Visitor: 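A single structure is presented below for examination.
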Amino acid sequence: MQRILIITILFMAGLTGLAGQTPEERYSQAGELYSSGDYSGAAAIYRKLWDEGFRSEDLLYNTGNAFFKAGDNASAILFYERAKLLAPADEDIDYNLQIARSRITDRFETVPQLFFVRWFDFVSLLASTNFWAVSALLMFIASLALGLVFLTKSRARGRLLSFWLSIAFLTISLVMISLAVRGNSLVNNNRKAVITCSIVTGRSAPGETGNELFVLHSGTTVTIEQELGAYMEVRLPDGNKGWVSSPCMEKI
Amino acid sequence: MTVLVFLSACVAAAAQEISLTVDAPETVAAGERFRIVYTINSTDGQFTPPKFDPSFTVQGPQQSTSRSAQWINGDFQSVSTTTLIYYVVAGTPGTFAIPSARFESKKTTVSSPEKQITVTAGGTSQAATGQTQGQGRTSGDAPASGSDVSMKLLLGSREVWAGQPVSATLKLYTRVNLSGLQELKYPDFKGFLREDIETPPLRSLETEVIEGVQYGTGVIQRFVLYPQISGEISIDPVEMTVLLQERTGARDPFFDDPFFDNFFSSVSTVPRRIATQPATIRVRPLPEARPADFHGAVGSFSLESSISSGEAKLNDAVTMTVTLKGTGNLNLAGEPGINFPQGLEKYDPKVTVRGGGTASGTKSFEYLLIPRNTGTFVIPPVSYSVFDPEQGKYVTLRAGGFTVSVTGTPGQQESPAPVYIPGEDVRYLGQDIRFIRNGNGRLKTVSSPLIASLHYWLWFALALFLAAAVLLLRREQIRRNADIAGLRRRKAAKNARSRLAKANTMLRSGKNEQVNAEVARALWGYLGDKLRIPRSEITREKCTGLLRERRINEDLITELERILTATEYSQYAPVSEGESPAALCKRAATLIGRLDDLLD
């Protein structure tokens, strides 16, 4: 009883304290909770920051860690996947994601992506979408300027050079635009989702009438193919498809 | 044979007195089947059975007759016996009288004595004597009285926690003579772990009075049951075959003596299957939220730890012993998890159990530790959680830790083949996720992507538009510049000719000094326009250089230089000394005409 009382007081104090705190203070407070072993408390604060729209690879990484320690593997995987979209080259995120994945029930023989798709995705995530967009714009302007040089300076010695440079800059600009579009679709229009229910049945049709095709457990990552009402058609990592109830998954 | 019967009929009738005896138990249990036996030493006559109490269920009689004839010391004796057996089941407890039975022969009528039978309540009687009714009797042989032999499984407790030991005693109750026990068959005790306790073999029975009935009792086997699962667990009956010593044949009315009784009536051994009643034990599961250091020990225990020495030489073994003492499932208590410091090599403990079960005992874990590095090693205190069934909760026991200081030099290691080991591989102890990142977190709110907004793409359009505008303007300017130069070039000859014409006019009006200057101006102007040289930059060298570049005949260039030299010279020298201005003028006109043909 006494313990419950103390917890309640702490919780209330935490709530009142939260009202006047900056996001950074709350972030470091969650870090302290994590260090002291209150993983659920830390996860709650991190999750709230995410819900309020704050993003950073550190925040997502810490959220994943807190959920992992609190025993919620599915949420941990979800946040590691999200962190990976912000920092694809971060080795810590990869490591922790691998550990979290090793503790889920479902095992799949995954079909690997084509290497150039993988590389392209990786590069597109190396910088933010807006970085690529702004760079593409600058490159385009540079390409235009060089094109002007080529078109106007009739007798200048660098005429040929300016022509080729202009073409090169234009190509780079186009590549950067496609990187921006790809990065945007990966980060903001992701079709991947993580199963959050401990167990869920995949059926051949949306609703309860379809034949049961497979059973998924929490933590499995699936690709959403289409949505219909409260059901989503998902593609499993091994390529199979089925309809799964939407509340049982969360988009990355 | 016919002769013998005839003899017995005539002789025995005269010589013998008829008697009617009754044999019935004094105490029976309600619901128990027992026998009432009437024996008559005559064969011809009418037996009238007594009127049994209505609560009795009577079967029978089973009637048997026997005759025997013998000569003893020259006397002929003939015995004929009639035995009537009633099988009776008493329905209600109480004391009942069995009235006399009568036997009428031709000569006389005899009555049996009245009997009192005490019927005890069925439940208590069964609890005391067990239940053996209904066990299949071997066909043919006369059944012995039902509850004479029984076996009971006495349990220490009917409601326990999972893992809590239950003492069980298998006990035999008998009212008849037994010659042996056979085929003791235990059920598989599903859900339990059985541990036998050493029990001395059953040699003699003790006397015990239960519900006023005397029984010979004896413990067949004691054991301890450890429940492994929770819930209502039933224990199937324990079965055994007992060998009953059963008297068969008639009791001799004359020699009512145990010795003769045994002597004359034959005793046969009859096997009988008996079984205990099935029992149920309620096993409560251990509460969830088990402490991490709970290793299955249920009972009331104390924990002690000891170490052989606090100081050790490198590679010399040290023994640490953790002893669990008390009552409970010592056998199932797991090894305590001790985090021995790295550098102390730990071997699997030697486990010794003494006693245990429902009695007090000890279980010791003897760890052999070999220090592989020098220094001071701290063995943390041992914490071991047990479940105390009396308190109904987990109790954490603690025993002290130790500090071991290890001395010695690594080189003195006595190994048979010294091997140089360059280093030690890093030992990985476990796997966990990496720690969180502290700091300010570099939090940013979500910004909508630029490529999704229209104004981003408008920037491209704007840049393209600007570039196109710049290009157009520049083109226009170039075109205009090109026009100015072209105009000047096209009009160069015309201008030069008009200047020369002006010079001719001056010549006629006698202004000779100004003619040369006008010719020079005409030439310079023509060259400047034609070769696109600004007025301020024009020099003779630049002009000749440009003309040579355009592959103009060297003669023309020499002519040009001459004319120019002449005009310059005449400006500073008297007119008479040079060429006439008219000739110069003419030469200049010819030169311009020829140059104009060559220059575009």
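Naming: A, B, ... by sequence-line order, numbering from 1 per chain. Values in this document were obtained by computation on a predicted structure and should not be read as measured data.
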Visitor: So, does A:Asn96 use its side chain to make a donor-acceptor pair with the main chain of B:Ile433 at under 3.5 Å?
Guide: no
Visitor: B:Ile451 pairs by side chain to side chain contact (heavy atoms under 4.5 Å, CB included) with which of A:Thr129, A:Ile177, A:Asn130?
Guide: A:Thr129
Visitor: With a 4.5 angstrom heavy-atom cut-off, which part of B:Leu464 approaches chain A: side chain, backbone, both or neither?
Guide: both
Visitor: So which part of B:Arg475 gets closer than 4.5 Å to some heavy atom of chain A, the side chain, the backbone, both or neither?
Guide: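 For B:Arg475, the contact with chain A is made by the side chain alone.
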Visitor: Which bit of A:Ile99 is near chain B, if near means a heavy-atom gap under 4.5 Å: side chain, backbone, both or neither?
Guide: side chain
Visitor: Using heavy-atom distances under 4.5 Å, tell me whether A:Val187 contacts chain B through its side chain, its backbone, both, or neither.
Guide: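 Neither part; nothing is under 4.5 Å.
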Visitor: Chain B heavy atoms under 4.5 Å from A:Phe68: which part of the residue, side chain, backbone, both or neither?
Guide: side chain
Visitor: In Å and rounded to the nearest 0.5 Å, what is the CZ to CG distance from A:Phe131 to B:Leu450?
Guide: 12.5 Å
Visitor: Let me know if A:Ser128 has heavy atoms under 4.5 Å from chain B in its side chain, its backbone, both or neither.
Guide: neither
Visitor: Give, as side chain, backbone, both or neither, the part of A:Ala145 having an atom under 4.5 angstrom from any heavy atom of chain B.
Guide: neither
Visitor: Take the angle between the ring planes of B:Phe435 and A:Tyr34 and call it parallel below 30°, perpendicular above 60°, tilted in between.
Guide: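 It falls in the perpendicular class, over 60°.
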Visitor: Under 4.5 Å, heavy atom to heavy atom: which of residues 387-401 of chain B reach chain A? Give them by number, or say none.
Guide: none
Visitor: Mind checking salt bridge (Lys or Arg N to Asp or Glu O under 4.0 Å) for B:Arg284 and listing every partner two or more places apart, or none if nothing turns up?
Guide: B:Glu159
Visitor: Just list the side-chain donor-acceptor pairs under 3.5 Å for residues 78-87 of chain A, sequence neighbours left out, or say none.
Guide:
from	atom 1	to	atom 2	distance (Å)
A:Tyr80	OH	A:Asn65	N	3.3
A:Tyr80	OH	A:Asn65	OD1	2.3
A:Glu81	OE2	A:Arg101	NH2	2.2
A:Arg82	NH2	A:Glu250	OE2	3.3
A:Arg82	NH2	A:Lys251	O	2.7
A:Lys84	NZ	A:Asp94	OD1	2.8

Visitor: Within residues 452-459 of chain B, which residues come under 4.5 Å of chain A, heavy atom to heavy atom?
Guide: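 Under the 4.5 Å heavy-atom cut-off, B:Tyr456, B:Trp457, B:Trp459 qualify.
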Visitor: Find the distance between CD1 (A:Ile93) and CZ (B:Arg434) and round it off to the nearest 0.5 Å.
Guide: 11.0 Å
Visitor: Tell me, for A:Tyr46 versus chain B, whether the close heavy atoms (under 4.5 Å) come from the side chain, the backbone, both or neither.
Guide: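 Side chain of A:Tyr46 only, per the 4.5 Å heavy-atom cut-off to chain B.
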Visitor: Quick check on B:Arg474 against chain A: is it the side chain, the backbone, both or neither that has a heavy atom closer than 4.5 Å?
Guide: side chain
